[in-house]
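Here's the structure we're looking at; comments come further down.
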Amino acid sequence: MAGGYHLPDGRGRFGAYGGRYVPETLMEPLIELEEAYKKLRDDKSFREELDILLRDYAGRPTPLYYAERLTKELGGARIYLKREDLAFTGAHKINNALGQALLAKKMGKTRLVAETGAGQHGVATATVAARMGFRCTIYMGAEDMARQAVNVYRMRLLGAEVRRVDSGSKTLKDAINEALRDWATNVRDTHYLLGSAVGPHPYPMIVRDFQSVIGREIRAQILEREGRLPDLVVACVGGGSNAIGTFYPFIEDKGVKLVGVEAGGEGLETGRHAASLAGGSPGILHGMYSYVMQDEHGQIRTTHSISAGLDYPGVGPEHAFLKESGRAEYVAVGDREALEAFLTLTRLEGIMPALEPAHALAYVMKIAPTMRSDDIIVLTLSGRGEKDLDIVSRSLGGLF
Amino acid sequence: MSNISKTFRDSLSSGRAALIGYLTAGDPSLEQTLIYAEALVEGGVDILELGVPFSDPVADGVTIQASAQRALAAGTKLLDVIRLSSTIKKSLETPVVILSYLNPIYRMGFRKFFEEAGSSGVDGVVVPDLPVEESTDFREEARRAGVDTIFLASPTTSDSRLDQILRASEGFVYLVSLLGVTGVRRELSLEASRILERVKARKERPYVAVGFGVSSPDHVAALVKSGAEGVIVGSALVKIVEENLNNPSKCLEQLRRFATSLKEATTL
């Protein structure tokens with residue numbers, strides 16, 4: 001991209017954030033991955049192969065949909081939804097899974113390991129593993145396996161081995177720990193297909209680059225539809241991959257406001273949330289220096305969110321940088337508001353969002369009425385809601 | 001010459017490799033760790049390695065993970081482990097090395113941590129998730145406080161990075177014997193002798209100790225035969241603690257006896 005924003009730097013830093021804090025065994029594999037990626041990202045045949053997969057296999061470009069009834073109901077800015085829920089396997093995760101799997105293939109790896117929270121990244125990884133002939137192991141917290149049972153079954157049907165993680169909080173954080181341990185053990189034939197814009201350098205950069213297809217498409221589509229860039233771009237933030245992929249192509253467009261929405265759980269004041277940027281502090285977790293949820297002694301805290309995909313005590317280092325530099329703003333939305341937003345979109349537009357982007361939607365529902373009717377908001381609808389129907393039905397107490 | 005280097009030198013000149021024994025501090029309590037540490041030294045451990053429990057120990061296998069969970073449940077904090085080191089140093093001459101993941105140390109602040117550690121007599125620090133590239137500030141504070149910084153090298157480490165690691169390591173360099181995490185293994189990894197050979201071929205280097213998966217006197221003897229100047233035993237000791245949580249006196253006896261059997265295997 002042209003202009004002045006060229007991060008991460010040579011040491012994998014976004015300002016102070018990022019870096020590479022991993023056990024020694026993983027250092028050389030990370031350096032190899034970085035070198036392989038830097039070589040391939042500018043390689044014409046690699047780009048072409050990936051573009052064809054994104055188009056013919058993943059169904060890109062995904063539509064930019066004008067949500068007319070939602071706009072009318074809220075009575076303010078015009079709201080567009082970037083329909084990542086229509087991408088193959090039901091979420092934006094496929095963009096990165098295809099990119100990294102192709103990279104792993106070029107590096108001669110024969111096995112993929114991945115972590116998954118909501119199961120969307122696990123399904124995407126299991127899918128590309130089937131498509132490209134990799135052996136595949138997915139780590140998933142015991143608690144997440146219970147709340148996302150359908151995705152567990154999908155991964156197994158696709159031929160992946162799903163390993164249950166019973167350590168720590170039994171969620172995404174612990175699944176990443178296990179995936180890192182697996183990678184250190186099997187590093188010679190295995191690629192760790194990390195699913196969010198977190199972890200040691202070069203992962204935050206690689207995941208961002210592969211997810212930036214979202215923001216690039218938004219840019220072209222909104223220019224075609226409206227003849228100008230949006231005023232506000234909104235996405236949900238757990239680790240932050242769909243958000244960074246959405247924001248990145250707009251970073252130098254100062255007129256475009258960028259807002260990331262974290263999981264406020266039961267409220268920031270209760271401590272039962274997963275909003276690392278709004279309620280955490282700088283620290284080191286999973287190989288990166290970024291904002292993390294920790295106690296005063298540096299132990300990582302248990303998080304809570306109704307959405308398994310946002311239930312993570314860290315956040316990508318580039319988001320930490322964008323927050324501190326003031327280029328993006330981060331807010332938190334609670335479980336209840338996310339559920340209300342889920343219902344609103346379902347009833348007004350017939351679109352059932354995943355609970356993760358329902359958080360971003362809840363923020364849009366608050367902010368849109370305060371904006372002018374010729375203002376434009378783009379919201380990345382990062383995934384579809386079918387996986388969450390059990391949780392929704394339980395949370396609504398059998399209301400329907 | 002630091003206490004750790006002297007311990008290696010003295011051990012080697014008496015015909016033995018140095019025996020380094022690991023316990024997670026606070027598992028099951030700080031009081032027990034103190035008693036167990038004394039038993040290990042009685043049994044023949046030359047250097048004590050005290051682990052600071054962390055919520056997300058990515059370099060550790062299930063044994064030390066569970067041990068860290070018990071120690072955290074008992075309320076163990078970084079400062080407690082430094083205080084425990086100070087107590088140990090009052091009665092024993094054995095060098096003490098603290099092993100901690102980076103975040104608890106970062107949270108305390110590098111300067112405060114090293115001031116506390118230095119004034120408590122801590123001899124060295126190992127941080128499994130701090131590669132040498134990210135360690136500039138950390139090493140500067142360690143140097144001010146006179147605490148050795150011990151880095152790890154692994155079978156995947158390239159020659160150019162190995163040079164950096166050997167230059168930055170004081171007291172000894174910690175060789176990872178295998179690909180993977182800590183934990184008791186039946187067999188010694190074939191990688192161990194290869195990495196040992198690579199390090200020992202260097203002219204300028206600190207002492208070398210091998211850890212990860214070192215679980216029995218046979219393993220120790222094999223590593224010493226391959227040229228290890230020190231051996232680090234962790235999970236096998238922690239397992240004894242785990243198996244005797246309700247029987248401290250039996251635990252003590254087993255730790256002492258096991259340390260003795262390891263020590264016998266360190267003969268050069």
Side-chain angles (χ1 to χ4, degrees), chain A residues 10-13 18-32 35 165-169 173-190 199-201 281-290 292-303 313-314, chain B residues 52-62 65-66 68-69 72 75-80 100-109 113 127-135 151-162 164-165 173-176 178-183 189 191 195 212:
Chain A
R11 298 178 57 233
R13 299 273 175 173
R20 200 177 259 162
Y21 296 92
V22 291
E24 176 57 30
T25 302
L26 295 179
M27 284 302 289
E28 303 288 347
L30 287 168
I31 293 167
E32 272 169 41
E35 283 168 358
V165 178
D166 276 307
S167 56
S169 59
K173 160 180 91 79
D174 309 282
I176 294 179
N177 290 341
E178 278 309 314
L180 284 168
R181 290 179 185 123
D182 182 311
W183 193 33
T185 307
N186 301 293
V187 68
R188 297 213 161 110
D189 68 353
T190 297
H201 180 61
S281 54
I284 296 114
L285 175 69
H286 293 150
M288 62 179 170
Y289 177 57
S290 187
V292 298
M293 304 263 297
Q294 57 184 327
D295 69 15
E296 57 183 313
H297 303 290
Q299 303 294 339
I300 304 307
R301 277 176 36 197
T302 328
T303 51
Chain B
V52 177
F54 183 53
S55 51
D56 295 84
V58 291
D60 286 302
V62 287
Q65 286 175 43
Q69 284 301 318
L72 285 174
T76 314
K77 318 221 172 351
L78 176 55
L79 203 53
D80 297 329
S100 174
Y101 286 85
L102 188 57
N103 201 48
I105 297 177
Y106 173 76
R107 187 73 186 175
M108 179 180 278
F113 167 73
V127 180
D129 58 346
L130 180 67
V132 66
E133 286 88 341
E134 304 281 5
S135 70
F151 286 88
L152 297 97
S154 103
T156 56
T157 304
S158 67
D159 283 337
S160 65
R161 294 193 59 261
L162 187 56
Q164 271 182 282
I165 289 166
V173 62
Y174 188 138
L175 298 192
V176 177
L178 46 74
L179 292 179
V181 294
T182 62
S189 164
E191 312 265 4
I195 173 90
F212 279 49

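Below, chain A is the first sequence line, B the second, and so on; all start at residue 1.
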Considering all heavy atoms of both residues, which atom of A:S167 and which atom of B:Q65 are nearest to each other, and what is their separation?
CB-OE1, 3.8 Å
Does any backbone or side-chain atom of B:L79 lie under 4.5 Å from a heavy atom of chain A? Answer side chain, backbone, both or neither.
neither
Just give me the residue among B:P57, B:P131, B:G61 that pairs up with chain A most often, heavy atom to heavy atom, under 4.5 Å.
B:P131
Distance in Å, A:Q299 CD paired with B:T76 OG1, rounded so as to fall on 0.5 Å steps:
9.5 Å
If we define contacts as heavy-atom pairs under 4.5 Å, which of A:E178, A:R301, A:K173 has the most with chain B?
A:K173
So what's closer than 4.5 Å to chain A heavy atoms on B:A153: side chain, backbone, both or neither?
backbone
May I ask you to check whether B:Y106 and A:Y289 place their ring centres under 6.0 Å from each other?
yes
Distance in Å, B:D80 CG paired with A:H297 NE2, rounded so as to fall on 0.5 Å steps:
8.5 Å
Over all atoms of both residues, closest heavy-atom pair of A:T185 and B:G180
OG1-CA, 3.4 Å
Salt bridge between B:E133 and A:R13, side-chain N to carboxylate O under 4.0 Å?
no
Over all heavy atoms of both residues, which pair between A:R181 and B:D60 is shortest? Give the atoms and the distance, please.
NE-O, 2.9 Å
Heavy-atom distances under 4.5 Å only: say whether A:P200 touches chain B with side chain, backbone, both or neither.
neither
Which region of A:S281, side chain (C-beta onward) or backbone (N, CA, C, O), has a non-hydrogen atom less than 4.5 Å from a non-hydrogen atom of chain B, or is it both or neither?
side chain
Nearest heavy-atom approach of A:I300 to B:S55 is N-OG, 2.9 Å
Pairwise distance CD1(B:I105) to CD1(A:I284) - rounded to 0.5 angstrom:
9.5 Å
Is A:D295 close to chain B through its backbone or its side chain, or both, or neither, when contacts mean heavy atoms under 4.5 Å?
backbone
Give a yes or no on whether a salt bridge exists between A:E296 and B:R107, defined as a side-chain N under 4.0 angstrom from a carboxylate O.
no
Closest non-hydrogen atom pair, B:E134 against A:R11:
OE1-NH2, 3.4 Å
Heavy-atom proximity to chain B below 4.5 Å, by part of A:R188
side chain
To the nearest 0.5 Å, atom CG of B:L152 lies from atom CE of A:M27 at 12.0 Å
With heavy-atom distances below 4.5 Å as the criterion, would you say the side chains of B:V58 and A:P23 are in contact?
yes
I want to check something: taking the side chain as every heavy atom from C-beta on, are A:T25 and B:V176 in contact at a cut-off of under 4.5 Å?
yes
Pick whichever of A:V187, A:N177, A:L26, A:I176 has the most heavy-atom pairs under 4.5 Å with chain B.
A:N177
Assert top hit (heavy-atom pairs under 4.5 Å, partner chain A, pool B:V62, B:L78, B:L72) equals B:L72
Quick one: pull up CG in B:L175 and CD in A:E24 and give me the separation to the nearest 0.5 Å.
10.5 Å
Out of curiosity, A:Y21 OH to B:L102 CG, how far, rounded to the nearest 0.5 Å?
6.5 Å
Do the non-hydrogen side-chain atoms of A:E28 and B:T157 ever get within less than 4.5 Å of each other?
yes
